[in-house]
Asks: 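Can you read through this structure? Questions will come right after.
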Amino acid sequence: MPKLTLDDCVFICMRKGQWWTFWKLQETIKNKTGVFYGEPTISAAIRNLRKEPARVKYNLISTGEVVEKRKQFNGNGFEYKLTGVKNDG
């Protein structure tokens, strides 16, 4: 099995459309891969999901927004949700 990139890991976590914080992504990826990524790096991976190569690779919609962002209810940071996954069928 080829080694997963951070973009792959972020996509795998977010692909089911749940809300994620940077901290929850950090924790989940660290627990699954043993590699810790900082918040700026995770933020960049989320931004990468919006770019055309990721849209093609992960079967995301070709136009429009694929990631939603909202302020957390406690006011501490933001949550992100992948919304642009195409339905196959």
Side-chain angles (χ1 to χ4, degrees):
M1 180 175 192
K3 185 176 178 181
L4 296 175
T5 66
L6 177 58
D7 291 356
D8 294 335
C9 293
V10 169
F11 171 75
I12 289 166
C13 289
M14 296 182 73
R15 68 184 170 191
K16 293 187 179 172
Q18 297 145 325
W19 290 100
W20 290 82
T21 63
F22 290 150
W23 306 287
K24 185 64 179 169
L25 285 166
Q26 277 179 326
E27 177 185 352
T28 301
I29 292 167
K30 172 87 167 73
N31 289 342
K32 298 288 185 182
T33 68
V35 179
F36 178 83
Y37 294 97
E39 294 166 31
T41 307
I42 290 180
S43 178
I46 291 171
R47 281 193 310 276
N48 286 344
L49 293 176
R50 295 179 169 113
K51 297 177 182 175
E52 184 172 350
R55 289 175 186 251
V56 172
K57 180 177 183 178
Y58 303 122
N59 198 29
L60 303 175
I61 58 173
S62 58
T63 60
E65 188 55 72
V66 295
V67 178
E68 276 187 54
K69 174 181 172 181
R70 73 178 181 190
K71 189 86 168 142
Q72 284 193 169
F73 292 115
N74 65 9
N76 186 14
F78 291 91
E79 296 176 306
Y80 300 85
K81 177 169 76 166
L82 188 63
T83 59
V85 179
K86 292 180 186 175
N87 289 332
D88 290 334

Asks: Identify the two heavy atoms, one from L25 and one from C13, that lie closest to each other, and give their separation to 0.1 Å.
Replies: CD2-CB, 3.6 Å
Asks: What distance separates E79 CD from K69 NZ, expressed to the nearest 0.5 Å?
Replies: 12.0 Å
Asks: Nearest 0.5 Å, please: how far is CD in Q26 from CH2 in W20?
Replies: 12.0 Å
Asks: How far apart are the closest heavy atoms of T83 and E68, and which atoms are they?
Replies: CG2-OE2, 3.2 Å
Asks: Is it the case that over 12 heavy atoms from other parts of the model lie below 6.0 angstrom from the NZ atom of K71?
Replies: yes
Asks: Would you compute the distance between atom OH of Y80 and atom OG of S43 and round it to the nearest 0.5 angstrom?
Replies: 5.5 Å
Asks: Side chains of T28 and N31: is there a donor and an acceptor less than 3.5 Å apart?
Replies: no
Asks: Ignoring hydrogens, what is the shortest heavy-atom contact between C9 and T33? Give both atom names and the distance.
Replies: SG-CG2, 4.0 Å
Asks: Indicate the atoms forming the closest heavy-atom contact of I46 with M14, along with that distance.
Replies: CG1-SD, 4.3 Å
Asks: Passes side-chain contact (heavy atoms from CB on, under 4.5 Å), K30 versus Y37? Steps please.
Replies: CA-CA 8 Å; K30 172 87 167 73; Y37 294 97; over 6 Å; no
Asks: Among the clusters formed by ILVMFWY side chains lying less than 4.5 Å apart, do F11 and V35 turn up in the same one?
Replies: yes
Asks: Count the heavy atoms belonging to other residues, nucleotides or ligands that lie under 6.0 Å from CD of E65, then report whether that count exceeds 12.
Replies: yes
Asks: Closest approach of V85 and R15, non-hydrogen atoms and distance?
Replies: CG2-O, 3.9 Å
Asks: Answer whether the closest heavy-atom distance between the side chains of L4 and I12 falls below 4.5 Å.
Replies: yes
Asks: Are the side chain of R70 and the backbone of F78 linked by a donor-acceptor contact shorter than 3.5 Å?
Replies: no
Asks: What are the two closest heavy atoms between K3 and D8, and how far apart are they?
Replies: O-OD2, 4.5 Å
Asks: Rounded to the nearest 0.5 Å, how far does CD1 of I42 lie from CZ of F36?
Replies: 7.0 Å
Asks: Look up atom OG1 in T5 and atom NZ in K57, then write down how far apart they are to the nearest 0.5 Å.
Replies: 4.5 Å
Asks: Is V67 linked to L6 within one hydrophobic cluster, defined over Ile, Leu, Val, Met, Phe, Trp and Tyr using a side-chain heavy-atom separation of less than 4.5 Å?
Replies: yes
Asks: Heavy atoms, side chains only, cut-off 4.5 Å: are I61 and V66 in contact?
Replies: yes
Asks: For residues L82 and V10, determine if any side-chain heavy atom of one lies less than 4.5 Å from a side-chain heavy atom of the other.
Replies: no
